[in-house]
> 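The following block contains the structure, expressed as C-alpha cells.
The analysis underlying the following values was restricted to heavy atoms, covering all of them including side chains, and did not include hydrogens, waters or symmetry mates. Letters A, B, ... are given to chains in the order of the sequence lines, protein chains preceding strands, and every chain is numbered from 1. What you see is a predicted model, and the numbers here were worked out from it, not measured in a lab.
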There are 2 protein chains.
Amino acid sequence: MVSTLTIQGACRAGKRLSDAVYETMLDGIISGKLKPGTIVSEVAIARQLQVSRTPVHDALRQLAKDGLVRQRANHRAVIAEFTAADIHDLYQMRKLLEGEAARLAAKGMDRATLAHLRETADMLAQNRDRADWTELWADFDEEFHNAIAKASGSPRLWQDIARYHLLHRGFNKLGTTPEGLEHALEEHVRILDALEKRDAKEAQRAMVDHLQEWQAYFVNRFPKKPGN
Amino acid sequence: MVSTLTIQGACRAGKRLSDAVYETMLDGIISGKLKPGTIVSEVAIARQLQVSRTPVHDALRQLAKDGLVRQRANHRAVIAEFTAADIHDLYQMRKLLEGEAARLAAKGMDRATLAHLRETADMLAQNRDRADWTELWADFDEEFHNAIAKASGSPRLWQDIARYHLLHRGFNKLGTTPEGLEHALEEHVRILDALEKRDAKEAQRAMVDHLQEWQAYFVNRFPKKPGN
DNA sequence: TACACAACAAGTGAATGCACTTCCTATTAT
DNA sequence: ATAATAGGAAGTGCATTCACTTGTTGTGTA
C-alpha cells in the first residue's frame, strides 16, 4: 500500500473538492510518496481521502493532461515514468523557455525580488551542513525559477515554465546528490549576477548552461526503454 | 440558442464519451459555432448532445485547462475571450516555439513532406478565386505549422505548438481578410524555400517574421479590456 | 420611486447506483 | 504438468440523485 495521503488545504468556500484532491495528489507525486510506475486506482484514493470517486476521477484527468499520470480508458492510472528520451526532450523545452524568460527577466525583474533571491542564495551557501538543506534547496529552486518566469512579463511563458517545472519536480528527487545540488546553487548565483547587471544575453546563456548541466546529469540516469 | 452541436465520432470501443464531447465542443469553438463570450451551461450542452451532465462536466474541465473556456466554481463556463494583451502574449509564445521548430525542421524535415507542402502551396496560389479558398487555406495553415512542429523532432515542442495553434484557431475566423490570407501564403512560401535549402537560420527568421505580421495584424483587432 | 429582502428558479459539485470492461484465479481438459 | 477457459472480483465510465450555491424576480417598505 502507498503511504498515506491526506487532503491538505481546507476546502474553503468557492473551491472545488476535486481541486483539493488534485493538489493533494500533485504533492504526493512531487514529494515522492507516489513513485513513477505506481498504479493508482480511483477507489483506493477515494477511500484514503474519504471522498467519493467523482472528484478523484476529475483530478486524475487533470493530472493526465499535465503529463504526470498516464491513463487509458477502462484502465487504472499509472504515475508517469520517464525515459531518457523524455528527459532529454523535457530539458530541451526548459532551455528554450527558461532561457527566454531569463533574457526578459534581466530587464523586467524588480530590485526587491532580486534582493530577496540573493539573500536566500547567500543563506543557502552559508548553511551547507543543515539537515534539511535538500528541502531548503528544493524550495529555493522552485522560487528562483518561478520568479524569473514571472519577471519575464509573459503570463503564458510563466505558465508553461511552471508546468515543466512540475514535471521536473516529479522525478528530480530520484537521483540528485548533495554535490550536484551545491553545484546547481553556484549556477543559480551566476544567473543572479547576470540579472543584477541587467545583462540579458549573459542571463540567458547562464540559464541555458545551467539547465544543460542538469540535462546531461539526468539523462543517463533514466532507462532507454519505457518499461522497467 | 446556440446553433446545434452533434457528437461527431462514433464512440468506438475503448473510447470515452467524455472525449467525444470534448472534441465536439472543441470543433464548435474552432468552427465558430461557439463564439467567444458565449455562456455555456452543462445541462444545455448535455441536452443538446443527449448525454448526461457527467461527460460534459469532464469535457469542460479539459477545455478550461486548454484555456479555451473560463470556469469558476459554481458558475457556468464561458468561451474564452481574448484581449489585445492576450493575443500579444500568445504570439510571443508562437514566435518562440515555432521559430525554434522551424530552425530544427530545416534539418529534420523529410523530402516527401517538403514536396507535399510545396505542392499544396502551389495549388492554393493558382486557385485564388475558388469559393472555398478560405477553408482550403485554414486546412493548409493547420497542416503546414503542424508538419514543421512535428519535423522538429521534439514531441513536447510539437504538442505545445499544437496547443497554441488551437487557441489561434479559436479566434482567427473573427477578423481575417482575403488579402491578409494571400499575404500569409507568400510568407509560408518563404519559409518553405528556407526549409528546402536546409537553411535553419533563415527558416527561423522567416517563421518569426510571419508570425510577427499576424501578431501586428491581430493585436489591434481585439479590445484592451476583457469585458465587452 | 428606489431600495432591501425573501422566495424561487437554475446551475454546479459531489455521492451513489448501475452497466460494462478488464484482470485474476481456479478448475478442467489435454 | 500445462494450457485454455469460465467465473468472479475489482475497476472504470456514465447516469441519476442529492446538497448547496448563485442569480433573479417580485413584493413590501421607506
> Please determine whether any donor N or O and acceptor N or O are separated by less than 3.5 Å between the side chain of A:Arg53 and the base of D:dG13.
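Check passes, donor-acceptor contact within cut-off.
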> Mind checking what makes side chain to side chain donor-acceptor pair (under 3.5 Å) contact with A:Ser18, not counting sequence neighbours?
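Side chain to side chain donor-acceptor pair (under 3.5 Å) check on A:Ser18 returns B:Arg61.
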> Do any N or O atoms from the side chain of A:Glu42 and from the backbone of A:Val56 form a donor-acceptor pair under 3.5 angstrom?
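Pair absent, no side-chain N/O of A:Glu42 close to backbone of A:Val56.
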> Nearest whole angstrom, please: distance from the C1' of C:dT21 to the NZ of B:Lys15.
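Rounding to the nearest Å, NZ of B:Lys15 and C1' of C:dT21 are 18 Å apart.
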> Measure from CZ on B:Arg47 to P on D:dT16 and round the result to the nearest Å.
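Rounding to the nearest Å, CZ of B:Arg47 and P of D:dT16 are 14 Å apart.
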> In whole angstrom, give the distance that lies between atom CD1 of B:Ile45 and atom P of C:dT12.
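Whole-Å distance recorded here is 10 Å.
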> Does B:Thr134 have any side chain to side chain contact (heavy atoms under 4.5 Å, CB included) partners at least two apart in sequence or in another chain, and if so, which?
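In terms of side chain to side chain contact (heavy atoms under 4.5 Å, CB included), with neighbours along the sequence ignored, B:Thr134 is linked to B:Leu181.
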> Using a heavy-atom cut-off of under 4.0 Å over every strand shown, decide if B:Thr54 touches base, sugar-phosphate, or nothing.
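Answer is base: heavy atoms of B:Thr54 come under 4.0 Å of a base.
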> Between A:Ser18 and B:Val43, who's closer to the 5' end of DNA chain C by nearest nucleotide?
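It is B:Val43, whose closest nucleotide lies nearer the 5' terminus.
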> Applying salt bridge (Lys or Arg N to Asp or Glu O under 4.0 Å), can you list everything that pairs with A:Asp132, at least two apart in sequence or on another chain?
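Residues passing salt bridge (Lys or Arg N to Asp or Glu O under 4.0 Å) with A:Asp132: A:Arg130.
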> Taking side chain to side chain contact (heavy atoms under 4.5 Å, CB included) as the definition, give me every residue that meets it alongside B:Ala102, ordered by chain and number, with sequence neighbours left out.
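Partners of B:Ala102 by the side chain to side chain contact (heavy atoms under 4.5 Å, CB included) criterion, ordered by chain and then number, come out as B:Ile148, B:Ala203, B:Met207.
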> Looking at B:Ser52, I'd like to know whether one of its side-chain N or O atoms comes within less than 4.0 Å of OP1 or OP2 on D:dA15.
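The answer is yes; a side-chain N or O of B:Ser52 sits under 4.0 Å from OP1 or OP2.
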> Among residues 68-78 of chain A, which contact DNA chain D at a heavy-atom distance under 4.0 Å?
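Heavy-atom contacts with DNA chain D come from A:Ala73, A:Asn74, A:His75, A:Arg76.
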> Figure out the CG/P separation between A:Leu17 and D:dC20, and round it to whole Å.
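Checked: the CG to P distance equals 14 Å.
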> Taking atom CD as the centre, does A:Glu135 end up with more than 12 heavy-atom neighbours from other residues, nucleotides or ligands that are less than 6.0 angstrom away?
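Enclosed: over 12 neighbouring heavy atoms sit under 6.0 Å from CD of A:Glu135.
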> What nitrogen or oxygen pairs link the protein and nucleotides 5-7 of chain D at under 3.5 Å?
none

> List for me each residue that meets side chain to side chain contact (heavy atoms under 4.5 Å, CB included) alongside A:Leu49, sequence neighbours excluded, and say none if there are none.
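Side chain to side chain contact (heavy atoms under 4.5 Å, CB included) list for A:Leu49, sorted by chain: A:Leu5, A:Ile7, A:Val21, A:Thr24, A:Ile45, A:Val51.
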> Considering residues at least two apart in sequence or located in another chain, which fulfil the salt bridge (Lys or Arg N to Asp or Glu O under 4.0 Å) criterion with A:Lys107?
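A:Lys107 satisfies salt bridge (Lys or Arg N to Asp or Glu O under 4.0 Å) with no other residue.
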> List in numerical order all residues of residues 55-66 of chain A for which some heavy atom is under 4.0 Å away from an atom belonging to DNA chain D.
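Those residues whose heavy atoms fall under 4.0 Å from DNA chain D, taken from residues 55-66 of chain A in numerical order, are A:His57.
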> Suppose we screen for side chain to side chain contact (heavy atoms under 4.5 Å, CB included). Which residues come up paired with B:Asp141, at least two apart in sequence or across chains?
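B:Asp141: side chain to side chain contact (heavy atoms under 4.5 Å, CB included) contacts with B:Trp137, B:His145, B:His165, B:His168, B:His188.
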> Using the test side chain to side chain donor-acceptor pair (under 3.5 Å), find all partners of B:Gln159 that sit at least two apart in sequence or belong to another chain.
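For B:Gln159, no residue satisfies side chain to side chain donor-acceptor pair (under 3.5 Å) once neighbours in sequence are set aside.
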> Excluding sequence neighbours, so at least two apart, what forms salt bridge (Lys or Arg N to Asp or Glu O under 4.0 Å) with B:Arg163?
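For B:Arg163, the residues satisfying salt bridge (Lys or Arg N to Asp or Glu O under 4.0 Å) (neighbours in sequence not counted) are A:Asp160, B:Asp160.
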> Could you tell me how far apart B:Arg16 (CZ) and D:dC14 (P) are, to the nearest whole angstrom?
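Spelled out: CZ on B:Arg16 to P on D:dC14 is 8 Å.
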> Output the rounded distance in Å from CD (A:Glu42) to P (C:dA15).
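After rounding, the reported distance stands at 13 Å.
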